[in-house]
Amino acid sequence: MWDYTDKVMDHFRNPRNVGRIENPDGVATVGSLACGDALTFMFKLGSDQRITEAKFQTFGCASAIASSSALTEMVVGMSVEEAAQITNKQIAEYLGGLPDQKMHCSVMGREALEAAIYNYRTGEEQPVNLDEHIVCTCFGVSENEIWRVTRENNLSTVEEVTNFCKAGGGCGMCKGDIKKIVDSVVAERTAEQATKPEPTRKLTNLQKIKMIEEIIENEIRPVLKRDHGDIDLVDINGDIVTIAFRGMCAGCQASGATRQGFIEAKLREYVAPSITVVEEGK
Amino acid sequence: MNPLIYLDNNATTRVAPEVKEAMLPFFDELWGNPSSMHNFGGQVMRYVEEAREKIAALINADPSEIVFTSCGTESNNAAIYGVAEILGDGAKIITSRVEHPAVLGPCRHFRQHGYDVVELPVDGVGQLDLAALREALYGGPSLVSLMWANNETGTIFPISEIAEIVKSVGGVLHTDAVQAVGKLPIDVQKIPVDLLSLSGHKLYAPKGIGVLYVRRGTRLQTFLIGGHQENGRRGGTENVPYIVGLGKAAELAMAGIAEEEHRVAALRDKLEAGLLATCPDSRVNGDRRNRLPNTLNISFEYIEGEAILYHMSDLGICAASGSACSSGSLEPSHVIRAMGVPFTAVHGSIRFSLSRYTTDADIDYVLKHLPAIIAKLRAMSPFVN
């Protein structure tokens with residue numbers, strides 16, 4: 001049997017806030033029947049713009065049910081902005097911890113919360129980005145999600161990544177790709193620690209990576225998407241930013257010009273003038 | 001205080017009181033080494049040989065064909081390693097996708113060492129495709145390892161036809177009969193398997209004792225090199241109390257198989273019919289026409305197995321699940337997947353396995369409480385409303 005805490009068992013046996021809300025302000029479903037767990041999460045705001053009610057429906061194991069129940073308790077009384085800050089770690093901590101192999105249940109909670117907040121802000125379902133690079137095809141886990149859980153939870157092995165977001169837990173073919181991501185994050189972390197003591201205005205690696213990601217997300221990707229193209233950030237090594245073109249951009253004659261004249265120029269403008277952008281495999 | 005409703009006998013059985021009783025003298029009085037050249041030790045050998053005879057009788061083998069091992073996994077490993085090493089690399093090993101990991105593991109090990117390993121598919125009820133077996137056997141010496149009955153679904157393979165097919169081309173046939181022995185009549189004179197694995201703790205003997213039946217004339221590499229015990233096939237001082245216990249268990253099993261086929265099967269059928277009637281969207285996994293008398297594998301759609309198990313456990317009901325979460329991996333049971341069970345049902349499979357100690361009241365208790373658990377979890381499932 002799993003070594004569940006008393007709090008996990010309590011939330012499993014007596015789940016709080018099961019059900020649905022009439023006309024919720026935000027609602028979302030993540031996961032699927034095929035994957036073995038799924039969660040529908042919804043919330044309602046009061047006149048003070050704070051969450052007054054949160055409900056859930058879960059298909060899943062004891063810790064999936066407990067994580068969902070915990071989440072509904074945690075968010076009540078919070079503003080949407082505060083709720084948006086909740087991490088999977090906090091959900092697990094609220095329950096007194098989860099077994100390593102069950103950490104993905106807390107990640108599912110955080111994903112549902114985020115998707116419901118997206119729904120509240122836009123009135124729409126959080127879109128599935130079909131161009132996003134899926135690393136684990138068994139469980140449909142994207143590269144971005146793996147970067148994120150690895151960073152947020154301080155992970156350093158492929159096995160830990162599997163425990164947290166299931167990636168690599170099926171056929172195992174993607175373990176090499178996951179290892180590359182984990183290794184990069186570990187290197188990031190080491191570099192960050194090395195630079196920490198210096199009270200300099202120079203960007204740390206982590207800050208730089210975050211900025212590059214943000215610029216790509218907000219300045220570059222939307223432009224490429226207008227032409228049915230897309231971009232993946234493959235690697236950042238010092239000032240060398242490796243990217244890959246997706247969608248219509250892949251194989252486009254003009255992609256060289258796009259890379260230098262547009263992407264590199266943007267990154268030099270917003271992040272650092274020393275940046276060079278290269279295309280993966282070229 | 002909840003009663004203990006133990007319906008997980010394919011995982012392990014309780015030790016029969018008669019078995020325990022038979023073992024006790026071999027801790028307190030007859031604790032000598034059967035190989036010793038003094039009467040205190042030497043007198044014990046007689047009891048080891050008596051046990052060997054009882055086990056041989058259970059499967060209609062010759063006592064000299066019975067090799068004691070430490071468990072079913074050791075028996076399976078010994079059979080597959082022992083034959084594969086003799087056939088040499090390049091040889092073919094044929095098995096199925098629904099075997100126990102103690103068979104699939106060793107077979108896949110040899111795949112990495114240059115052997116041609118074929119895993120035969122099964123159909124929707126877990127039955128083997130005999131045409132695929134015939135095709136796989138084409139050309140070259142082969143070791144075939146196919147289970148007598150499946151531990152998860154209870155599906156019984158057509159072992160008689162399998163043996164006929166394999167022997168007609170001169171292949172070596174091993175069968176993992178861990179779940180079948182004691183539940184079904186087994187006669188190795190009628191069904192010419194070369195090697196057969198069985199395990200004590202699935203038939204009311206303790207954990208830590210197993211047997212590999214080796215048909216006379218079967219070439220098999222020694223699997224534990226050491227002393228002369230077990231005809232030199234497996235060195236190591238005999239585990240006398242457990243061997244005696246297994247002998248007693250075999251004797252009880254011989255007397256009890258008829259009961260297993262009638263009383264236990266009737267209870268299983270009652271459980272099956274009751275659950276199908278009271279729990280909508282449930283389906284039986286396995287071959288209902290060719291199935292172990294004690295096993296019921298049933299899927300409750302749109303809910304997850306581990307959650308069902310934990311709620312049942314709170315009420316004292318012990319069962320098993322093929323869901324991903326209960327297995328510690330992220331994928332549901334390889335048996336359930338190999339059968340192509342629909343995605344709505346793969347994560348909600350529960351295995352009930354009865355025993356000679358299961359009572360009518362046990363079944364009534366499950367039928368009284370389980371529908372409410374299913375309903376509670378369904379009410380919580382995002383896929384139901």
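Every chain is numbered from 1 and lettered A, B, ... according to where its sequence line falls, protein lines coming before strand lines. The figures here come from the full heavy-atom set of this structure, side chains too, leaving out hydrogens, waters and symmetry mates.
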Self-check item: From CG (L354(B)) to CG (D8(B)), nearest 0.5 Å
Solution: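 Those atoms lie 11.0 Å apart.
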
Quiz item: In terms of heavy-atom pairs under 4.5 Å with chain B, which of C35(A), G31(A), C105(A), G19(A) leads?
Solution: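 Highest number of heavy-atom pairs under 4.5 Å: C35(A).
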
Quiz item: How about D6(A): does its CG atom have over 12 heavy atoms from other parts shown lying under 6.0 Å from it?
Solution: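 No, the 6.0 Å shell around CG holds no more than 12 heavy atoms from other groups.
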
Measuring heavy-atom distances to chain B, does [X] have an atom under 4.5 Å in its side chain, in its backbone, in both, or in neither?
X	value
S68(A)	neither
P15(A)	side chain
M9(A)	side chain

Self-check item: Check ion pair E111(A)-K166(A) (N to O, under 4.0 angstrom)
Solution: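 Result for this pair is no, no salt bridge flagged.
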
Quiz item: Should the ring pair Y310(B) and Y4(A) be called parallel, tilted or perpendicular, given that the plane angle runs from 0 to 90° and is split at 30 and 60?
Solution: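 The arrangement is tilted - the two ring planes meet at 30° to 60°.
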
